[in-house]
2 protein chains.
Amino acid sequence: MSTIGSLALNSIHQGDCVALLKQIPDNSVDLIFADPPYNLQLNGELTRPNQTKVDAVDDEWDKFASMEIYDAFTTDWLKECHRVLKNTGSIWVIGTYHNIFRVGASLQDLGFWMLNDVVWIKTNPMPNFKGTRFNNAHETMLWAAKSEKSKYTFHYHSMKTMNDDLQMRSDWFIPICQGEERLKVNGQKAHSTQKPEELLYRVILSSSNVGDIVLDPFSGSGTTAAVAKKLGRNFIAFEREPFYIDVANNRLKEIIPIKDSLLEYKVEVKKPKVPFINLIDKEFIKVGDFLFSKDEKHTAQVQADSSIESNGFAGSIHKVSAHVLGKESNNGWTFWYVKQQGKLISIDDLREAFANQYLR
Amino acid sequence: MSTIGSLALNSIHQGDCVALLKQIPDNSVDLIFADPPYNLQLNGELTRPNQTKVDAVDDEWDKFASMEIYDAFTTDWLKECHRVLKNTGSIWVIGTYHNIFRVGASLQDLGFWMLNDVVWIKTNPMPNFKGTRFNNAHETMLWAAKSEKSKYTFHYHSMKTMNDDLQMRSDWFIPICQGEERLKVNGQKAHSTQKPEELLYRVILSSSNVGDIVLDPFSGSGTTAAVAKKLGRNFIAFEREPFYIDVANNRLKEIIPIKDSLLEYKVEVKKPKVPFINLIDKEFIKVGDFLFSKDEKHTAQVQADSSIESNGFAGSIHKVSAHVLGKESNNGWTFWYVKQQGKLISIDDLREAFANQYLR
DNA sequence: CCCTGTACTGAATCAGTAT
DNA sequence: GATACTGATTCAGTACAGG
């Protein structure tokens, strides 16, 4: 069995998440999903129009004496999360208007770099029984990288495919967790706030790789661990309540991982790196050839050292394209074209042709 | 012309919003809509796949030296907003993940009471050109009352009607502002972040009344003022840039207010009050009659003083219904039924029959 | 077996007015 | 400001019983 620091992987550990996080080495976790207490601050009872009582979230774990205490709690666990997260990793935190602004501000203050706020739009939320507000029909998930400059994992093309070949948007339409998926113990819901697996499916698939380590500091009913196992990731989860750990472990026993071969990111285009010089080597482009911008307003000539030169300015295909555009940087592959039989051909297409011929 | 403090109503005032807010008396504004700078922190230029430049928000008014300075700015104007807001009023603030957590936390810290976070889901957002994140397809609006205990205006039934007779939810599907609605000057968009009128239409209609005072501290292209005028509200707006004030004033000239008679909240239920004794007076129910709960498990007999008595417990229709249910309080009108020709008739229906006959 | 009607449920900061 | 009294209010989906 593999471990991380002194803690076993693919296991739910009992205890306070901050204390347990401290046992994890710096920069060792690929993905964090956190579903912390929301600090709902519900007052009295709520009855439906038919006089029945609403089974509210009144668990002790959601009670905080003040917003200051909630803020301190939030900063504590997020700080440790920042420390253990790899530079290539990212974190997701879910919440509602009760707590999400505290979480968001804390993330930013700790140096995390916000990537998206994704709204989980509930197709079947509980109504507002008293007619006092808009039906609170969504929750918010924050997705953030470790820092502004860090390179995070994101399977753009897979998400696009999942969304009918349109870019996956920041609004996700998913039903609340009910029916067969909802865990029950003696006919009662095992956990008051079990999240739908569909949510975690998208989170884990979009922002981690097979074999990665996924951490959940507030494991609860174990949805993160269950979906991580299903998707061939390693998980490490923390939970204070032994009852929830039992529930989650029973759940995990039933999970059958999806076969590795089915988990490959088949639609992710992994363009092999092709240095420009390779195209010259194989005479896709010859030294002395001219490159053109698409509108043919800019030209450059290919030099022997694979640099190109335009009106006395020389450099890489990228540098020169940026220079003629007056920009800091630019992608030369998509900027430059060669002329063959009077037609402009993108050098990016030549790169692909080269890769098909020599790199398969 | 009417004024508020020393400032003219239905006018856009040039200047810093905090300085101008200070000229407004305490508790004098019914509704605030604020579209503050988002502090986007965009670095460098963004180009589309075809190398054209994306016309990004790069206005000076969106630049802040640090998050601390942005926070201080946010607290400054929100504090004044809290002071000038009536106890019956509410505030809306729109933003994105760049700034909305700072705004939300500040609102909470200043004593505002969060009512909803409403997501404006863009039916036609700008794509994420680089394929590096989820398409940021929404913005977030926070709606808050002045304090936890304050009574705010909310036209529940109107919003329900507007939403095909289902409760209006916290997710609003509205296109971004483009086409005819988008203000242009010399072919260029007049303001980089003009909001769609549909958004303000819902905001103003849901949470203010005809004749109310609507304040916008960051007027910009004047959408709030325009919709307020259209909907028969008074507005007071602040803006630093004279250019935007010109644009907005030209826009306002064209706005024709909707006729008052069309602005009434016709679907808001104003049931005339009918005391139970009235039904006895007019013999819809007779002294000595029996009342039944719907399941007929509970019965009570009507007394001469309009109290009812059930198994030795006497009181109002409400008190007795609460007593037999073992609850603190209950609505007796919807709990009790009378039997006529063997069929149960709700006393709430009898009340309506009485009102139709005697109170028109 | 299917169809129908009833009961139940879900992260909810859930009342307003008069005295 | 506190207390007492009146009275307003639900959507989508699952589970199950009865026919």
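Every chain is numbered from 1, with letters handed out A, B, ... down the list of sequences.
Across the interface with DNA chain C, nearest-nucleotide mapping of A/Leu40 and B/Glu148 shows A/Leu40 to be the residue nearer the 5′ end. Mapping A/Pro175 and A/Thr47 onto DNA chain D by nearest heavy atom places A/Thr47 closer to the 5' end of the strand. When each of A/Phe129 and A/Gly179 is assigned the nucleotide of DNA chain D with its nearest heavy atom, A/Phe129 is the one assigned upstream, toward the 5' end. Annotation: of the two residues near DNA chain C, A/Asp35 and B/Tyr152, the 5′-most nearest-nucleotide partner is A/Asp35.
Here B/Ser316 reaches the OP1 or OP2 of D/dT6: one of its side-chain N or O atoms lies under 4.0 Å away. A/Lys130 has no side-chain polar atom (N or O) that falls below the 4.0 Å cut-off from OP1 or OP2 of D/dT10. OP1 or OP2 of C/dG16 has not a single side-chain nitrogen or oxygen of B/Tyr156 nearer than 4.0 Å. Listed pair B/Lys319 / D/dA4 fails the phosphate criterion, with no side-chain N or O lying under 4.0 Å from OP1 or OP2. Note on B/His318: every side-chain N or O is 4.0 Å or more away from OP1 and OP2 of D/dA4. In this model, the phosphate group of C/dA7 is not approached by any side-chain N or O of A/Arg48 to a distance below 4.0 Å at OP1 or OP2.
We find that NZ of A/Lys53 is positioned 14 Å from C1' of C/dG10, with the value rounded to whole Å. A/Asn43 places its CG atom 9 Å from the P atom of C/dA15, with the value rounded to the nearest Å. With rounding to whole Å, A/Lys122 atom NZ is found 13 Å from C/dT9 atom C1'. Rounded to a whole Å, the CE atom of B/Met168 is 14 Å from the P atom of D/dT10. Taking atom CG of B/Asp295 as the reference point, atom P of C/dC8 lies 11 Å away to the nearest angstrom.
The only member of B/Thr299, B/Val320, B/Val302 that meets side-chain contact (heavy atoms from CB on, under 4.5 Å) when paired with B/Leu291 is B/Val302. A ring-ring contact (aromatic ring centres under 6.0 Å, His included) with A/Trp77 is found for one member of A/Tyr70, A/Phe218, A/Phe238 and no other, namely A/Phe218.
Annotation: ring-ring contact (aromatic ring centres under 6.0 Å, His included) contacts of A/His98 (sequence neighbours excluded): none.
DNA chain D forms stems at C:2-10 with D:11-19, C:15-19 with D:2-6, each a run of 3 or more consecutive Watson-Crick or G-U wobble pairs whose two key distances fall under 3.5 Å.
For D/dG13, its base never sits under 3.5 Å from the side chain of A/Thr123 at any donor and acceptor pair.
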Using a 3.5 Å cut-off and no angle test, enumerate the donor-acceptor pairs between side-chain atoms of residues 338-346 of chain B and protein atoms at least two apart in sequence or in another chain.
| residue | atom | partner | partner atom | Å |
| --- | --- | --- | --- | --- |
| B/Lys339 | NZ | B/Glu296 | OE1 | 2.9 |
| B/Ser346 | OG | B/Asp348 | N | 3.0 |

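On the P atoms, D/dA8 is 14 Å away from C/dA18, given to the nearest whole Å. When the C1' atom is compared between C/dA11 and D/dG7, the two are found 28 Å apart, to the nearest whole Å.
Within the nucleic acid shown, A/Gly44 comes within 4.0 Å of at least one base atom, counting heavy atoms only. Note on A/Pro36: a base of the nucleic acid sits closer than 4.0 angstrom, heavy atoms only. Within 4.0 Å (heavy atoms only), A/Ser192 reaches sugar-phosphate atoms of the nucleic acid but no base atom.
When each of C/dG10, D/dT10, C/dC14 is scored by its nearest atom to the side-chain atoms of A/Arg182, the top-ranked nucleotide is C/dG10. Among the nucleotides C/dA12, C/dG10, D/dT10, the one closest to the side chain of A/Val54 is C/dA12. Checking D/dT10, D/dA8, C/dA12 against every side-chain atom of A/Ala56, the shortest atom distance belongs to C/dA12. Distances were taken from every side-chain heavy atom of B/Lys160 (C-beta onward) to each of D/dT10, C/dA11, C/dG10; the shortest belongs to D/dT10.
We find that B/Lys160 and B/Glu268 are not joined by a salt bridge, their nearest charged nitrogen and carboxylate oxygen being 4.0 Å or further apart.
Aromatic rings from A/Trp143 and B/Phe134 are positioned such that their centres are separated by under 6.0 Å.
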